[in-house]
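Protein chains get the first letters and strands the later ones, always in sequence-line order, with residue 1 at the start of each. Since the structure is predicted, the reported quantities are computational estimates derived from the model, not experimental observations.
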Protein chains: 2
Amino acid sequence: MISNKAKYAFRALLAIAAEPEGSALTSAEIARRHAIPHKFLEQILLDLKKAGVLDSRRGKTGGYVMLRPADTVSFGEILRLFEGPLAPLPCLSRNAYRRCEDCESEANCEIRREFARAYDASRLVLDTRTLGDALANNPYGGDMGHEVRKAG
Amino acid sequence: MISNKAKYAFRALLAIAAEPEGSALTSAEIARRHAIPHKFLEQILLDLKKAGVLDSRRGKTGGYVMLRPADTVSFGEILRLFEGPLAPLPCLSRNAYRRCEDCESEANCEIRREFARAYDASRLVLDTRTLGDALANNPYGGDMGHEVRKAG
DNA sequence: GCCAATCCCCACTAAATAGATAGAGATTAT
DNA sequence: ATAATCTCTATCTATTTAGTGGGGATTGGC
């Protein structure tokens with residue numbers, strides 16, 4: 001199960017990305033819409049800003065906007081930001097590799113071999129699908145050009 | 001990342017399943033071989049017994065044996081036993097479904113839709129591959145008949 | 001019958017993580 | 001000025017993880 005924090009992050013990002021270009025969304029409004037504790041959400045949005053995903057404006061007409069286009073932000077990237085490595089074993093993480101202390105031989109480790117298969121399968125999805133894909137309501141992830149939302 | 005507990009469970013199961021039929025393996029021996037804290041491992045083996053995966057004999061010649069054949073025990077089953085539902089969201093778990101409290105419509109939830117894709121991919125692997133497959137060192141999971149170990 | 005080895009059961013603890021809550025400071029439009 | 005917003009730091013509580021520890025029950029060998 002993913003954490004509430006990560007789920008809140010996705011809810012917020014999808015709301016911000018769905019906003020018309022140039023128009024900012026406040027943390028209070030996002031919190032209200034999705035019943036997210038406001039101060040908790042502020043921390044999350046701040047993390048997303050520090051990670052270079054969001055930009056923000058302060059003051060009366062402030063709020064958050066996407067810094068990068070929604071179709072360049074993958075689900076895997078956001079998940080890693082809030083949950084740490086996605087790999088089921090430290091010895092399978094490319095980004096945060098650590099050897100299992102009790103492992104005699106990675107090449108012969110049955111656990112590693114089987115989990116690598118599961119991890120590869122889910123990573124392929126998570127690192128491929130983007131916020132843009134999700135908003136486009138496009139089950140097979142084809143190129144949608146400039147379109148953002150396809151009517152149902 | 002999976003828990004130590006789950007990892008220990010896999011190490012123990014693979015050791016027990018690799019044993020010749022009818023010969024039992026003691027918790028002390030498994031703990032020694034794989035540097036697992038003994039008392040912690042005992043709890044794990046007991047859980048596996050209660051789940052109907054292992055059987056045990058007490059007393060001087062005691063130890064643990066597989067209750068079910070290794071090729072009927074999937075990685076997903078063991079993982080669920082120690083980690084709870086594998087689904088990334090409660091609303092995606094078949095076995096332990098719970099509605100997301102803040103969700104207005106599951107059918108229209110972008111987060112649910114995307115995570116379903118990732119979950120399907122990894123579940124397909126975890127619920128298909130068995131301890132037997134892993135021990136057979138058989139990367140593509142074909143039928144190995146009665147063979148348990150294929151020489152390298 | 002006794003002993004030692006083993007599994008079985010239950011209680012407890014220490015550290016880390018999740019999920020917030022709180023308060024004050026910085027910036028900006030009006 | 002002021003009110004609304006983002007920004008930063010600290011703190012708190014509950015849960016989970018990863019064990020540890022002390023016995024009790026069962027069994028085989030003597």
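- When rounded to the nearest whole Å, the span between CG of A/Leu48 and P of D/dT7 equals 11 Å.
- When the nucleotides D/dT20, D/dC6, C/dC8 are ranked by their closest atom to the side chain of B/Pro37, D/dT20 comes out on top.
- On a pure distance criterion of 3.5 Å, no polar donor-acceptor pair joins the side chain of A/Lys39 and the base of C/dG19.
- The pair A/Arg68-A/Glu77 meets the salt-bridge criterion, since a charged nitrogen lies less than 4.0 angstrom from a carboxylate oxygen.
- The separation between A/Leu41 atom CG and D/dT7 atom P is 12 Å, rounded to whole Å.
- Under the 4.0 Å criterion applied to side-chain N and carboxylate O atoms, B/Asp127 and B/Arg80 are assigned as salt-bridge partners.
- Of the possible donor and acceptor atoms, one in the side chain of A/Glu83 sits under 3.5 Å from a partner among the backbone N and O of A/Ser3.
- In this structure, A/Lys50 reaches the sugar-phosphate backbone alone: every heavy-atom distance under 4.0 Å involves primed, P, OP1 or OP2 atoms, never a base.
- A/Arg123 and A/Asp120 are joined by a salt bridge, as a carboxylate oxygen and a charged side-chain nitrogen come within less than 4.0 angstrom of each other.
- Using a 4.0 Å heavy-atom distance criterion, B/Tyr8 is classed as a sugar-phosphate-only contact.
- At the phosphate of D/dT17, neither OP1 nor OP2 sits under 4.0 Å from any side-chain N or O atom of B/Asn4.
- Summary of the strand contacts: A/Phe82 and B/Gly59 both lie near DNA chain C, and taking for each the nucleotide with the nearest heavy atom, the more 5' one is attributed to B/Gly59.
- If you take CG of B/Leu25 and P of C/dA5, they are 18 Å apart, rounded to a whole angstrom.
- Between the CD atom of A/Glu42 and the C1' atom of C/dG25 there is a distance of 13 Å, rounded to whole Å.
- Side-chain N/O atoms of B/Thr26 include none lying less than 4.0 angstrom from OP1 or OP2 on C/dT6.
- Taking only side-chain atoms of A/Lys60, from C-beta outward, the nucleotide of C/dC7, D/dA18, D/dA3 with the closest atom is D/dA3.
- At least one side-chain nitrogen or oxygen of B/Lys49 sits closer than 4.0 Å to the OP1 or OP2 atom of C/dC8.
- When the side-chain nitrogen and oxygen atoms of A/Ser56 are compared with OP1 and OP2 of D/dC6, none of them lie within a distance under 4.0 Å.
- One atom, CD1 of A/Ile44, and another, P of C/dT21, lie 12 Å apart when rounded to the nearest Å.
- Atom pair A/His38:NE2 and C/dA22:P shows a separation of 14 Å (rounding to whole Å applied).
- Looking at the side chain of A/Gln43, the nearest of the listed nucleotides C/dG25, D/dC8, D/dA10 is D/dA10.
- In this entry the distance linking CE of B/Met1 with C1' of D/dT17 reads 15 Å, nearest Å.
- Dense packing is recorded around CZ of B/Arg33, with more than 12 heavy atoms of other residues, nucleotides or ligands lying under 6.0 Å away.
- Proximity of the aromatic rings of A/Phe82 and A/Tyr8 is defined here by a centroid distance below 6.0 angstrom, and this criterion is not met.
- Toward the 5' end of DNA chain D, the nearer of the two residues B/Ile2 and A/Thr61, judged by each one's closest nucleotide, is A/Thr61.
- The listed nucleotides are C/dT6, D/dG28, D/dT7; the one nearest the side chain of A/Arg58 is D/dT7.
- In this structure, CD1 of B/Ile36 is placed 12 Å from P of D/dT20, rounded to the nearest angstrom.
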